[in-house]
J.: 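Handing you a structure now.
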Amino acid sequence: MKSRITIALLCTTLQIITAQSSDTDLKKVEILNSTSLALLDESAAIITSNPNVKEFNINTESLQSISFDGNLFSSNLQGLEYYGLGKTTEDFAPFTMRKIHMPAVSGAYSSNDSLSKVAIGIKFNVFTLYNSTQKKMTDNYNLMVKDISEFDDAVMQQVAKEGYIIGTDEFNNRFATLMQELSQKQKKSPEEFADLLRAPLLTLDVASAYSVIIPAKNFNDSQSGRFGIWSTLALTLGRGGTDLKLFGFCRYLQDNSDYNSESKEFTNHIEYFDYGSKAQLDLDKFALAYEYIKRNGDGKNYRSVGFIQYKVSDNLYITGGFGKNFESSLNDEAVTLLGVRWGINTKDTRSWEAEP
Amino acid sequence: MKKEFTPNGCPKIKLEVQILNNFGFIALSTKVYLDLQNGRSTDKPLFVTPPYLTDGSIPLTLDFKHYNGLLFIRHILSYGAMPGGIAEAEEAAKKLKFNYRIINSCDGTASDYRQSDHGPEFIDGKKIVYFITSIDIL
């Protein structure tokens with residue numbers, strides 16, 4: 001019953017998101033930010049932060065798992081509300097909590113031969129801190145607007161002077177040609193404002209997720225899986241193409257899905273408290289990162305994973321993780337990379353046995 | 001399809017322009033020109049996004065005489081803050097929404113128009129993209 005409710009919730013959420021977006025772009029794959037997969041410990045990186053508003057995305061990290069995520073209430077954003085700054089320059093502030101009104105929701109489905117898992121999650125950006133002052137932000141924005149406006153006016157005057165009739169294809173073509181030519185001759189536009197928005201100094205995200213497990217893919221046997229609530233603090237040093245990001249992470253996890261192969265039953269209500277950190281270096285098309293998470297509570301454990309992300313194109317990322325995951329009866333301990341298993345420590349891995 | 005507005009003999013109209021942008025573009029400005037279609041193109045905008053607005057919109061204007069000319073509207077946005085650069089912007093630009101509303105000043109009836117006619121045109125050197133829309137006042 002619980003699984004059916006969860007699946008219904010998943011479908012409803014999916015419909016809400018797709019209804020907000022004019023179309024679903026399967027090519028727009030970004031795989032580092034699914035709250036649901038993070039709950040299941042099945043993503044290459046658990047510690048992630050992306051405070052930007054997103055369209056609906058479908059993520060696939062392996063053939064056995066698929067997830068989606070997107071922001072609610074983001075379809076009518078105007079001005080710089082996307083960055084939490086509002087519609088006017090008077091709304092500019094280096095510290096903003098406006099994005100809390102646009103939570104990111106996600107869902108995940110994960111399956112192997114004997115077990116399926118379904119998860120849903122929600123994440124809020126509690127605050128974003130930009131490395132600037134209100135005056136400096138306004139000045140840099142105005143500088144950008146002024147530069148482009150003068151550039152645009154110069155092209156418009158030239159096309160009109162050449163006698164092209166406004167509104168005709170000839171006018172539009174000449175305008176485009178002159179825009180390109182003049183942009184090559186002129187110096188670069190001021191980029192301070194855009195750089196500032198691209199790399200906030202500090203962000204705090206809070207997330208929560210819930211999952212059910214479905215043994216032997218039989219809905220009647222489904223039961224509560226995991227519930228988790230966690231926060232992620234992200235500090236970004238540097239701007240532009242090369243950034244160093246440092247993350248702090250803590251998570252409360254209630255796990256009802258630990259399988260005891262002797263009693264052939266799931267152990268109920270195991271509680272964990274995870275905390276960890278991650279360092280990530282973004283270098284143009286590559287992102288290199290390492291995360292370590294210590295697990296306390298009803299079981300001592302740790303996760304130690306390095307990962308690499310390569311931007312094949314701006315719409316397609318390939319991510320791989322390698323290292324040691326948390327030990328669990330339901331998760332493989334080795335983290336995989338695109339179906340290629342890079343196990344480092346496989347001894348002590350407990351095996352999953354399906355109930356007869 | 002060509003956009004046309006019939007003023008029904010009323011010499012004055014009002015205009016409102018909006019950009020719905022939930023993709024990370026920085027909307028820089030919208031400029032509205034009124035071309036009289038007399039063979040001499042104007043290069044001075046009639047309306048420009050007020051400097052304090054960051055959404056590239058034109059709030060509802062006061063009444064103005066249209067002279068049965070051509071409203072020529074250009075939007076300019078920057079993709080400089082988008083982490084995915086121009087490729088991300090190319091995908092997102094196709095989904096931007098533009099709303100235009102013209103109100104007949106005599107009887108208050110409004111006509112709404114959607115989407116631009118021309119664009120997106122990307123200017124790499126400035127990290128900007130622009131769109132053009134024309135509305136013929138018959």
J.: Select one option (side chain, backbone, both, neither) describing which atoms of B/Leu70 are under 4.5 Å from chain A's heavy atoms.
T.: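 Answer is side chain: those atoms of B/Leu70 sit under 4.5 Å from chain A.
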J.: Under a 4.0 Å N-O cut-off, is there an ion pair linking A/Lys136 with A/Asp139?
T.: no
J.: Can you tell which of A/Leu182, A/Asn142, A/Asp153 has the highest number of heavy-atom pairs within less than 4.5 Å of chain B?
T.: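 Among the listed options, the one with the most contacts to chain B is A/Asp153.
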J.: Please identify, among A/Asp147, A/Val159, A/Asp152, the residue contributing the most non-hydrogen atom pairs under 4.5 Å to chain B.
T.: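 Winner by heavy-atom pair count: A/Asp152.
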J.: Quick check on A/Gln180 against chain B: is it the side chain, the backbone, both or neither that has a heavy atom closer than 4.5 Å?
T.: both
J.: Any side-chain to backbone donor/acceptor pair from B/Gln18 onto B/Ser57? Under 3.5 Å, distance only.
T.: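 Not a single qualifying donor-acceptor pair exists.
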J.: Once rounded to the nearest 0.5 Å, what's the spacing between atom CG of B/Asn68 and atom CG of B/Leu138?
T.: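 Answer for the CG-CG pair, B/Asn68 versus B/Leu138, is 8.0 Å.
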J.: Heavy-atom distances under 4.5 Å only: say whether B/Leu53 touches chain A with side chain, backbone, both or neither.
T.: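 Both parts, backbone and side chain.
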J.: Does any backbone or side-chain atom of B/Ser134 lie under 4.5 Å from a heavy atom of chain A? Answer side chain, backbone, both or neither.
T.: side chain
J.: Of all of B/Glu121, B/His118, B/Glu90, B/Arg74, which one pairs up most often with chain A through heavy atoms under 4.5 Å apart?
T.: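 Winner by heavy-atom pair count: B/Arg74.
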J.: Counting only non-hydrogen atoms closer than 4.5 Å, does B/Asp136 touch chain A with its backbone (N, CA, C, O), its side chain (CB onward), both, or neither?
T.: neither
J.: For chain B, which of A/Ser183, A/Gly86, A/Gly163 has the most heavy-atom pairs under 4.5 Å?
T.: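 Most heavy-atom pairs within the cutoff with chain B belong to A/Ser183.
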J.: Give, as side chain, backbone, both or neither, the part of A/Gln158 having an atom under 4.5 angstrom from any heavy atom of chain B.
T.: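 Nothing of A/Gln158, per the 4.5 Å heavy-atom cut-off to chain B.
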J.: Starting at SG of B/Cys10, measure out to NE2 of B/His66 and round the result to the nearest 0.5 Å.
T.: 6.0 Å
J.: Atom CD of residue position A/Gln186 - does it have more than 12 heavy atoms of other residues, nucleotides or ligands inside 6.0 Å?
T.: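 Yes, the 6.0 Å shell around CD holds more than 12 heavy atoms from other groups.
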J.: Given a strict heavy-atom distance threshold of 4.5 Å, which part of A/Tyr164 is in contact with chain B: side chain, backbone, both, or neither?
T.: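 For A/Tyr164, the backbone is the part near chain B, not the side chain.
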J.: Taking the side chain as every heavy atom from C-beta outward, state whether A/Asp91 and A/Leu85 have any pair of such atoms under 4.5 Å apart.
T.: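 A side-chain contact under 4.5 Å is absent here.
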J.: Below 4.5 Å from any heavy atom of chain A, which atoms of B/Tyr52 appear? Answer side chain, backbone, both or neither.
T.: both
J.: Please classify the contact of B/Tyr79 with chain A as side chain, backbone, both or neither, using a heavy-atom distance under 4.5 Å.
T.: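 Contact with chain A involves no heavy atom of B/Tyr79 at all.
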J.: Less than 4.0 Å between a side-chain N and a carboxylate O, is that true for A/Glu170 and A/Arg174?
T.: no
J.: At what distance, to the nearest 0.5 angstrom, does CD1 of B/Ile102 lie from CD1 of B/Ile13?
T.: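 Here the rounded value is 5.0 Å.
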J.: If only atom types and distance count, is the side chain of A/Asn71 paired as donor or acceptor with the main-chain N or O of A/Met102 below 3.5 Å?
T.: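 Indeed, once roles are kept as given, a pair shorter than 3.5 Å links the two residues.
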J.: With a 4.5 angstrom heavy-atom cut-off, which part of B/Ile19 approaches chain A: side chain, backbone, both or neither?
T.: backbone
